[in-house]
Amino acid sequence: MTSTINGGISFWYADDGIPAPREPLPGDSTADVCIVGGGYTGLWTAYYLKKAVPFLNITVLEAKFCGYGASGRNGGWLYNGIAGRDRYARLHGHDAAVRLQKAMNDTVDEVVRTAAEEGIDAGVHRGGVLEVACTPAQLARLRAFHATEVAFGEKDRELYGARETADRVRVAGAVGSSWTPHGARLHPVKLLKGLATAVEALGVTVHESTPVTEIRPKHAVTPYGTVRAPYVIRCTEGFTASLAGLRRTWLPMNSSMIATAPLPAEVWEEIGWSGREALGDMAHAYMYAQRTADDRIALGGRGVPYRYGSRTDNDGSTQAATVDALRAALVRFFPQLTGTEITHAWSGVLGVPRDWCATVTLDRSTGLGWAGGYVGSGVATANLAARTLRDLIQQDSGQAGPTDLTALPWVGHKVRKWEPEPLRWLGVHTLYAAYRRADRHELTHHTADTARLATLANRISGRR
């Protein structure tokens with residue numbers, strides 16, 4: 001049996017190759033808009049701005065190479081979930097949150113449409129998203145979740161029992177599921193590479209191997225020089241803590257993944273999953289998975305949730321214990337995969353605000369903007385954020401007025417910083433230990449009540 005390739009950025013890069021390097025910033029420079037970060041948020045923002053205002057001089061600065069972070073390491077879920085919607089409903093009213101949800105539903109269509117228009121073959125398959133319950137407590141949460149999603153406008157969402165769930169995918173012990181058509185599986189690196197190519201074709205300048213060490217009004221400072229621009233837009237998501245003065249802004253949460261070897265046809269006959277839905281569950285320490293274009297299963301979840309001092313990894317290397325835990329989750333879902341070869345394991349970081357709410361902001365007094373805090377749902381949310389940043393910049397520069405996107409409730413949202421160390425490290429690790437313990441309790445105690453430990457953890461963490 002071949003040993004697992006651990007790290008190397010991600011399976012997606014092993015599958016599609018590391019891109020040819022782009023030149024670093026050659027020295028001091030100027031631009032109309034400087035975008036810091038070459039992931040989905042930064043590239044989509046450059047794309048939509050340049051399409052809207054072709055004469056703009058736009059520069060993208062990326063510390064490593066485009067897609068090095070979460071954009072090249074995620075689970076390939078293009079779906080309509082957005083972090084913080086329920087809180088925005090409490091702050092701004094139900095109707096405002098419904099508008100935000102509708103915008104996310106439309107965003108799935110927008111990404112698929114734009115990828116096709118630009119000739120980007122990202123392995124998109126529109127099978128929707130299926131979230132399963134495997135215990136009585138999970139089933140109770142699933143039904144409540146389903147009812148909430150319908151109340152926020154998802155009239156086309158469907159609720160299934162055990163038999164209907166098995167008709168889609170035969171997850172061991174599944175007692176029910178909720179399915180939405182507003183989702184797709186894709187190859188995240190192929191989307192990223194195609195987007196980067198499209199951005200450069202429009203005339204956007206992209207500099208890689210150019211870490212930004214400080215952002216201040218009209219300045220993005222790097223070791224090679226400073227880019228001066230009226231607008232400097234931060235699109236650094238889980239790597240935000242590396243910037244001067246921003247260590248406690250968003251917590252870099254680790255998420256890890258494994259990928260199996262391609263599975264033979266007879267195994268897929270047992271499993272089903274012919275619709276290739278994005279697959280998740282209702283556990284507190286939840287998992288997410290997809291059936292890839294070459295018939296692997298790529299599955300992810302939390303390993304070591306956070307590194308002391310908001311540190312981030314370099315190449316995606318994953319602890320053996322985390323690989324074992326993800327393999328156990330795979331086998332728990334699909335017992336027939338016991339002994340199946342795990343060919344790749346990798347990790348990445350995602351940005352988590354203190355209140356778990358994704359945000360997009362442009363400070364009109366300074367020209368500084370940012371978007372992120374997607375808490376793991378960034379493949380689609382980054383696109384909505386980028387189009388919103390486009391509209392905010394056009395509005396601020398007098399090129400356009402307010403739009404439906406600039407009026408969404410996540411625009412301009414403010415949140416307090418994370419606690420200093422060691423409280424930050426202790427808090428995150430204690431919370432995720434509580435979630436894992438709650439999941440074990442629910443697996444062994446067959447009641448419909450959510451474990452009290454998880455309810456307490458949600459309140460303390462700010463997730464509810």
Side-chain angles (χ1 to χ4, degrees), residues 4 10-12 14-15 70 72-81 122-135 138 142 145 160 165-174 176-180 182-189 254-263 267-268 270-303 316 318 322-338 340-348 350 375-380 439:
T4 300
S10 70
F11 159 72
W12 310 115
D15 180 57
R73 308 191 197 193
N74 61 78
W77 275 39
L78 176 71
Y79 84 119
N80 66 338
V124 176
H125 181 85
R126 297 204 60 167
V129 180
L130 186 73
E131 295 176 89
V132 302
C134 295
T135 69
Q138 287 185 19
L142 176 85
F145 164 75
Y160 302 141
T165 300
D167 287 342
R168 284 187 174 268
V169 56
R170 286 183 280 282
V171 172
S177 62
S178 180
W179 176 81
T180 176
H182 301 291
R185 173 222 72 189
L186 54 74
H187 190 301
V189 162
N254 292 298
S255 198
S256 301
M257 295 196 70
I258 58 174
T260 70
L263 303 177
V267 172
W268 288 115
E270 293 181 49
I271 292 174
W273 210 350
S274 60
R276 298 179 184 264
E277 301 89 345
L279 179 66
D281 73 349
M282 298 302 294
H284 301 292
Y286 54 84
M287 57 74 68
Y288 51 93
Q290 69 151 282
R291 177 179 175 177
T292 67
D294 62 347
D295 285 335
R296 303 170 188 261
I297 293 178
L299 179 146
R302 298 288 182 268
T318 303
T322 298
V323 178
D324 291 343
L326 292 174
R327 180 195 292 273
L330 175 73
V331 172
R332 187 168 64 250
F333 269 61
F334 306 111
Q336 59 270 64
L337 298 186
T338 300
T340 294
E341 180 185 357
I342 304 300
T343 60
H344 296 79
W346 69 99
S347 296
L350 48 98
V375 196
S377 60
V379 179
D439 283 330

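None of the values given here were measured: they were computed from a predicted structure.
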Quick one: are [X] and [Y] in side-chain contact, heavy atoms under 4.5 Å?
X: Val267; Y: Leu337; value: yes
X: Leu142; Y: Tyr160; value: no
X: Phe11; Y: Met257; value: no
X: Phe334; Y: Val169; value: yes
X: Leu279; Y: Val171; value: yes
X: Thr340; Y: Leu263; value: yes

- Query: Mind checking what makes side-chain hydrogen bond (donor to acceptor under 3.5 Å, both in side chains) contact with Asp295, not counting sequence neighbours?
  - Reply: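 Counting only residues at least two positions away or on another chain, Asp295 forms a side-chain hydrogen bond (donor to acceptor under 3.5 Å, both in side chains) with Arg276, Arg291.
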Looking at [X] and [Y], what are the two nearest heavy atoms and their distance?
X: Pro335; Y: Thr338; value: O-OG1, 2.9 Å
X: Gln290; Y: Leu186; value: NE2-O, 3.0 Å
X: Gly301; Y: Tyr288; value: N-CE2, 3.6 Å

Partners passing side-chain contact (heavy atoms from CB on, under 4.5 Å) against [X] (at least two apart in sequence or in another chain):
X: Glu270; result: Gln336
X: Ala278; result: Trp77, Val129
X: Ala261; result: Glu341, Thr343
X: Ala329; result: Leu299, Arg332

Value rounded to 0.5 Å, distance of [atom1] in [X] from [atom2] in [Y]:
X: Asn74; Y: Trp346; atom1: CG; atom2: CH2; value: 9.5 Å
X: His125; Y: Thr292; atom1: NE2; atom2: OG1; value: 12.5 Å
X: Leu130; Y: Thr165; atom1: CG; atom2: OG1; value: 6.0 Å
X: Leu326; Y: Ile258; atom1: CG; atom2: CD1; value: 5.0 Å
X: Arg73; Y: Ser256; atom1: CZ; atom2: OG; value: 10.5 Å

- Contacts of type salt bridge (Lys or Arg N to Asp or Glu O under 4.0 Å), residue Glu277, not counting sequence neighbours: Arg168
- Output yes when a side-chain donor or acceptor of Thr260 lies under 3.5 Å from a complementary backbone atom of Ile297, and no otherwise. yes
- Give a yes or no answer on whether the side chain of Thr180 reaches the backbone of Ser178 with a donor-acceptor pair at less than 3.5 Å. no
- Task: Give me the one residue out of Arg296, His344, His187 that meets side-chain hydrogen bond (donor to acceptor under 3.5 Å, both in side chains) with Asp15.
- Result: His187
